2 protein chains.
Amino acid sequence: MPSETPQPSFVLVRPQMGENIGAAARAMWNFGLDRMRIVAPRDGWPNPKAVAMASGAGRLLDEAQMAADLPEALADCTYVFATTARPRELTKPVFSPEGAMKKAAELIGQGEKVAVLFGPERAGLENDDIAKANAIITVPVNPEFASLNLGQCVLLTAYEWRRQADTVPEEVTDLGKNDWATNAEIEALVTHYEDRLVEAGYFFPPEKAPGMKTVFRNLWSRMRLTRADVQMLHGIMRQMVRWKEHSDK
Amino acid sequence: MPSETPQPSFVLVRPQMGENIGAAARAMWNFGLDRMRIVAPRDGWPNPKAVAMASGAGRLLDEAQMAADLPEALADCTYVFATTARPRELTKPVFSPEGAMKKAAELIGQGEKVAVLFGPERAGLENDDIAKANAIITVPVNPEFASLNLGQCVLLTAYEWRRQADTVPEEVTDLGKNDWATNAEIEALVTHYEDRLVEAGYFFPPEKAPGMKTVFRNLWSRMRLTRADVQMLHGIMRQMVRWKEHSDK
């Protein structure tokens, strides 16, 4: 059974080497974190090399939540950090590990469900993955020599969680009677807009469509939407379609 | 040549595996540290396995100061930290990595020469080694699972040096090539949407319209939009209207 302590989930996205999955489990458990999620591991699951490397932290692997894709892994999350080694061109808040885990501790203290994404070893997270996150974490490494591996990145983030977990929240957002939307709700909103905008011919020319979709998705995930915001945005699109269909008659 | 930046020396005491010496060099150089000292490595020196593992940080090994024993390695140092995984019976100040590197930065700022000792992989530093240090560093690991290896211990200490030595901002927003939208641009966007949504009959029933407009405006002003976001949102609405007008014909 995972520990009762409120904590972020660490999500390994398409990890390649079993050894690195095991090393990530050890790194997490060194700092008391035991909620791992794994998206589409290259070599399938379970992975004997992961088990061998995890040794004393093998329980994390047994209890890891497996997901076929990132939306499935993030369905219940309300705030998602993505770790990246290099800057991307997506507009997002960028946190140090310290700042990120401080924010995570505050959010979790308010009952939110927080996840941290770690990309595949070779190339890191893709822009499409990052577009699903609310913020970025970048470790301030030497610009002349940035060679952190997956296990080291997990280790430093887990270490910062441990450092920040005891701190008292310094700021809370007044939500009124609202809850933050979950990732599944944001996903449904993005899909609704995308489908209608495809019908309306917005994504044009076709070769630019994937990039336009990423920028569009990034907008919704960068901003934190409440459930009421999501309802309103669904309502706006539904009304535009109704208006159009009225003309069709 | 080692960098000119004042910094602590990291001293590997009787390290066993060449791979771990190489991993320590990489961990240091990730955070801009390049002064390594090595005391009596088990497998002699130079060590091809250390070189292979160090890859881009091989310069640290070439320039490492070799010493036959600890007193020789520490001859010029004025303040020495010893890393230990478990409490010892020696009376000494015990620092977290954070506290230790904060103190190291202060001391180095005053011109002192600071060293940090890391023990052999299997058993760690002996009490005789620790007795030569001024203070102890202990990483606050999970008491149920403490399994940091040499490279990880070096990594966390080097990371904390970097955190203390230069102030890394805890949060910045990566704007890519974008600028934030001005208030006038947001205003124009809200007006564009409101006008079209009025035409489309979204604000219904009439007595609820003012409240709905306020909620809608609050959404855009709460979020920070870039100019590119604003352009995209204008484009989406224009396309919906074009789609509708196409039906009108």
Side-chain angles (χ1 to χ4, degrees), chain A residues 26-27 29-32 55-57 87-96 98-100 102-103 135-136 139-142 144-148 152 155-156 159 162-163 193 196-197 199-202 212 215-216 219 222-225 228-229 232-233 235-236 239-240 242-245 247-248, chain B residues 26-27 29-32 55-57 96-98 139-142 144-148 151-152 155-156 159 162-163 168-178 193 196-197 199-202 212 215-216 219 222-226 228-229 232-233 235-237 239-240 242-245 247-248:
Chain A
R26 290 172 68 101
W29 189 226
N30 260 297
F31 295 106
S55 63
R88 309 296 179 109
E89 279 169 25
L90 298 167
T91 302
K92 294 257 190 235
V94 179
F95 287 89
S96 66
E98 177 185 21
K102 198 174 282 177
K103 185 164 182 74
I136 284 172
V139 179
V141 286
N142 180 0
E144 293 178 49
F145 184 72
S147 83
L148 291 185
Q152 291 172 321
L155 183 80
L156 289 171
Y159 165 79
R162 179 81 174 208
R163 285 210 320 116
Y193 267 69
R196 292 298 162 270
L197 289 169
E199 282 185 68
Y202 172 72
M212 290 170 81
V215 171
F216 178 68
L219 177 68
R222 191 183 84 227
M223 301 169 172
R224 302 202 67 201
L225 298 173
D229 295 333
M232 181 177 65
L233 291 165
I236 286 174
Q239 187 60 34
M240 294 303 291
R242 231 176 266 136
W243 187 45
K244 192 262 178 203
E245 284 170 351
S247 295
D248 287 343
Chain B
R26 289 172 69 100
W29 190 225
N30 259 297
F31 295 106
S55 63
S96 66
E98 177 185 23
V139 180
V141 286
N142 180 359
E144 292 177 49
F145 184 71
S147 83
L148 293 183
Q152 290 172 319
L155 183 80
L156 289 172
Y159 165 80
R162 179 82 174 207
R163 282 213 320 120
V168 176
E170 288 184 13
E171 183 189 350
V172 294
T173 296
D174 184 1
L175 271 176
K177 292 171 198 148
N178 274 315
Y193 267 68
R196 293 295 161 275
L197 289 169
E199 283 185 66
Y202 173 71
M212 288 169 84
V215 171
F216 178 67
L219 177 68
R222 193 182 84 227
M223 297 168 176
R224 301 199 66 197
L225 297 173
T226 65
D229 294 334
M232 180 175 65
L233 291 165
I236 285 173
M237 182 49 92
Q239 187 60 33
M240 293 303 292
R242 229 175 269 138
W243 187 45
K244 192 261 179 205
E245 284 169 352
S247 294
D248 286 343

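Computed from a predicted structure; not experimentally measured.
- Both the backbone and the side chain of A:Phe216 come within contact range of chain B, judged by heavy atoms closer than 4.5 Å.
- B:Arg162 approaches A:Asn142 most closely through the heavy-atom pair NH1-CA, 3.9 Å.
- A:Tyr159 is linked by a side-chain hydrogen bond (donor to acceptor under 3.5 Å, both in side chains) to B:Glu160, counting only residues two or more places apart in sequence or in another chain.
- Atom CZ of B:Arg163 is separated from atom CZ of A:Arg163 by 4.0 Å, given to the nearest 0.5 angstrom.
- For A:Ala57, the parts lying near chain B are the backbone and the side chain together; criterion is any non-hydrogen pair under 4.5 Å.
- Taking B:Gln152, B:Arg26, B:Arg196, B:Glu144 one by one and counting their heavy-atom pairs under 4.5 Å with chain A, the maximum is reached by B:Arg26.
- Applying the side chain to side chain contact (heavy atoms under 4.5 Å, CB included) criterion to A:Val141, with sequence neighbours excluded, gives A:Val139, A:Ala146, A:Leu148, B:Asn30, B:Phe31.
- When A:Gly32, A:Ser147, A:Ser55 are compared by the number of non-hydrogen pairs under 4.5 Å with chain B, A:Ser147 comes out ahead.
- With a 4.5 angstrom heavy-atom cutoff, A:Leu225 touches chain B via backbone and side-chain atoms both.
- Both the backbone and the side chain of A:Ile236 come within less than 4.5 Å of a heavy atom in chain B.
- With a 4.5 Å cut-off on side-chain heavy atoms, A:Tyr202 and B:Arg242 do not count as touching.
- A distance of 4.0 Å separates CE in A:Met240 from CE in B:Met237, rounded to the nearest 0.5 Å.
- Top candidate by heavy-atom pairs under 4.5 Å with chain B, chosen from A:Ala200, A:Gly201, A:Gly235, is A:Ala200.
- When B:Gly151, B:Pro97, B:Ala228 are compared by the number of non-hydrogen pairs under 4.5 Å with chain A, B:Pro97 comes out ahead.
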